[in-house]
2 protein chains.
Amino acid sequence: MSNDKYASIRLGNQMCFPLYACSKEIVRRYKPFLDELKLTYTQYIAMMVLWERKSVTVKELGEELLLDSGTLTPLLKKLEAKGYVVRERMKSDERNLCVKVTSDGEALQEKALEIPKQMKGCVTLDPEEASLLCSLLQKIMNGFEENKPR
Amino acid sequence: MSNDKYASIRLGNQMCFPLYACSKEIVRRYKPFLDELKLTYTQYIAMMVLWERKSVTVKELGEELLLDSGTLTPLLKKLEAKGYVVRERMKSDERNLCVKVTSDGEALQEKALEIPKQMKGCVTLDPEEASLLCSLLQKIMNGFEENKPR
DNA sequence: TACAATTAAATAGTACGCAATTAAATAGTA
DNA sequence: TACTATTTAATTGCGTACTATTTAATTGTA
C-alpha cells in the first residue's frame, strides 16, 4: 500500500471506531422500545440502578453509571417530572441528594421487562460470544481504572 | 435472589452497558490528545476518512461513519472554518456536496500519527484480544445490516 | 473559632444526534 | 415536452450529553 506510514490512522485499522459505531447503533435500536416507556437510553440505565437499589445518592449513581452530576442532574429532574423518582437532600449531609423510585417508577419495571426480549432479536451474538465480548470490554475498563484520570 | 423475575433488566446482566460505557470512556481518553489537534472525536474520524480518500461526498462520508447530514453538515462547517477542508458542489450533479482536504488538513495527518501511539498505553488489550473484540463487534453490526431500519 | 481544603451538586456553554421540513437537481414517464 | 417521483443535502428545532466552572456544605486544621 502506498501510504503504509499512515496505516495506524486509517479508520479500518482502529479498534475504537467499531466500538463507537456499535455502541451508538445499539442505543439507536433501543430507542423505539424505550419510547414506549418515555425513557432515553441513559434514563433507562439510571432506572435500572434505581429498580435494583430503590434509593441512591447522585454520587453513587454516577459511580455505577460512570456519569457525573452535569449529566445526572438534568436527567434526574426529567425523571422526577415524569413522576418516576423523587429527589431530596439528605438530612445527615445536605450536600448529598438522594434519589428514590416512586410507585409509578416501580410500575415501569414491569413494562421494562419486555425490552430485553425485544432487543434479543436485534443483537445476533450467541450467549458465549456475548460473554466473551463482555469480558473483553471489562478488561479494557479495568485497565482504565488502573491509570486513573477520574 | 428475591427478584429473579427482574434479572434481565439488571444493569450487570446486560451486554449493552459495558459497550456503552467503554465506548464513552475511550472517547474521553482521546480528548486530551485530540485537543492538541483542535478536533473532537467525531471530527477526528471524519478526518481519517478524508486523509484516506482525499475527496468524498457528504453522503459517502455518512455511509462510512454511520452519520447523517444533520450531524455532518455542522461538523464539516467547523472543519472548514478551521481550514482543514473545503466544501463545494459537484459540477456533475449539483445536489452532491464534495468535501476535500486542504494542505492544512493534510499537515494535520502528521500530528495525528502520534495519537494511536499515545492511546496504546491506554487500552490494555493485546493484539489477539483486540482483533477478537473487533470481530465480535463486526458480527453485531452485520446482524444489524440484515434487519435494516436504515 | 477561623480559615483552607475537600466534597457534592448545579449551572453554563458546546457538541452531538435525531426528526421533520425544505430546496434543488435529476430520473422516469405519459 | 411537461409532469411526477425520487434523490440528495441543507436547514431547523429540540433534546441529550459532556466538560469546565461555580456554588454550597462539610471536614480538617491552625
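Below, all heavy atoms of this structure are taken into account, side chains as well, without hydrogens, waters or symmetry copies. Note on naming: letters A, B, ... go to the chains in the order of the sequence lines (proteins, then strands), and numbering restarts at 1 for each one.
For E129(A) (side chain) and D126(A) (main-chain N/O), a donor-acceptor pair under 3.5 Å exists by modelled atom type. T57(A) places no side-chain N or O within 3.5 Å of a backbone atom of L97(A) that could act as its donor or acceptor partner. A donor-acceptor contact shorter than 3.5 Å links the side chain of K82(A) to the backbone of K38(A).
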Applying salt bridge (charged side-chain N to carboxylate O under 4.0 Å, His left out) to K100(B) and E88(B), what does each step give before you reach the verdict?
CA-CA 8 Å; K100(B) 290 189 172 68; E88(B) 54 194 31; 3.2 Å; yes

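Under the 4.5 Å side-chain heavy-atom criterion for ILVMFWY residues, a single connected hydrophobic cluster contains both L19(A) and L132(B).
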Expected output check: what is the dot-bracket annotation of DNA chain C, where ( ) and [ ] are pairs inside the strand (brackets for crossing ones), | is paired with another strand, and pairs are Watson-Crick or G-U under 3.5 Å?
||||||||||||||||||||||||||||||

Starting at the 5' end of nucleotides 16-28 of chain C, put B wherever the base has a protein heavy atom under 4.0 Å, S where only the sugar-phosphate does, and a dash everywhere else.
SBB-----BBS--

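With rounding to whole Å, E88(B) atom CD is found 13 Å from dA10(D) atom P. Atom NZ of K82(B) is separated from atom C1' of dA15(C) by 10 Å (rounded to the nearest Å). Between the P atom of dA15(C) and the CG atom of L76(B) lies a distance of 14 Å, rounded to the nearest Å. dA25(D) atom C1' lies 13 Å from atom CG of L97(A), rounded to whole Å. If you measure from atom OH of Y30(B) to atom P of dC18(D), you get 18 Å, rounded to the nearest angstrom. Here dA20(D) presents its C1' atom at 12 Å from CG of D35(B), a figure rounded to the nearest Å. Put simply, CG on L72(B) is 15 Å from P on dA15(C), counting in whole angstrom units. When rounded to the nearest whole Å, the span between CZ of F33(B) and P of dT19(D) equals 14 Å.
Judged as a side chain to side chain donor-acceptor pair (under 3.5 Å), and not counting sequence neighbours, E94(A) has no contacts.
For K117(A) and E114(A), the salt-bridge test passes: some basic side-chain N is under 4.0 Å from an acidic carboxylate O.
Using a 4.5 Å heavy-atom threshold, the side chains of L133(B) and L137(A) count as touching. Side-chain contact between L37(A) and Q43(A) is absent, with no heavy-atom pair separated by less than 4.5 Å.
Between K77(B) and dA10(D) there is no side-chain polar atom (N or O) within less than 4.0 angstrom of OP1 or OP2. Between N96(B) and dA9(D) there is a side-chain polar atom (N or O) within less than 4.0 angstrom of OP1 or OP2.
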